[in-house]
Amino acid sequence: MYGGGLGFHAIKSDSTVLDLLAGLNYTHETYSNGPEVMPVTVPPTFISYGVTHRFLALTLGEELLHEVGKNTVITKSYIFPGPVDTGEYRATFDLVR
């Protein structure tokens, strides 16, 4: 898997920071279902390859940090790993006092 991206502060003040993130990643997966070819090679070669996946994905995200008073911080982040299945995402919410 190869990937990279950029981000920037959409809002940056003494009490609030909102970061927006975007990036691309490329994944190549190969699963073997056959015996290894002899003589052994580096990397190993197999007689039959079962499944190969190759895909390019866009990753979008945002992170919000907001200070509510001197001792309380709220942080929230959403990461959308790709536009193909918009039902899959990771989210976190923290309240620290």
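The figures that follow rest on heavy atoms only: side chains count, while hydrogens, waters and symmetry mates do not.
Put simply, CG on Asp94 and CD1 on Ile74 are 10.5 Å apart, with the number rounded to the nearest 0.5 Å. Of the inter-residue distances, the one linking Asn25 atom CG with Tyr2 atom OH reads 12.5 Å to the nearest 0.5 angstrom. Taking CD1 of Ile11 as the reference point, atom CG of Leu20 lies at 8.5 Å (rounded to 0.5 Å). Here CG of Leu24 is found 7.5 Å from OG1 of Thr59. Values are rounded to the nearest 0.5 Å. The line from OG1 of Thr27 to NE2 of His53 is 11.0 Å long, rounded to the nearest 0.5 Å.
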For residues 65-72, run the donor-acceptor check on the side chains, cut-off 3.5 Å, and write out each pair with its distance to 0.1 Å, sequence neighbours left out.
unit_1, atom_1, unit_2, atom_2, d
His66, ND1, Ser15, O, 3.4
His66, ND1, Thr16, OG1, 2.6

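Ala22 approaches Leu60 most closely through the heavy-atom pair CB-CD2, 3.9 Å.
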Using the side-chain contact (heavy atoms from CB on, under 4.5 Å) rule, take Thr75 and Leu64 through it: C-alpha gap first, then chi angles, then the decisive distance, then the call. CA-CA 6 Å; Thr75 60; Leu64 174 68; over 6 Å; no

Take Glu29 and Met1 through the test side-chain contact (heavy atoms from CB on, under 4.5 Å) and record every step on the way to the result. CA-CA 8 Å; Glu29 305 170 325; Met1 177 182 233; over 6 Å; no

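Screening residues 7-16 for salt bridge (Lys or Arg N to Asp or Glu O under 4.0 Å) gives no qualifying pairs among residues at least two apart or on separate chains.
Within the 4.5 Å cutoff, side-chain heavy atoms of Val17 are placed close to those of His9.
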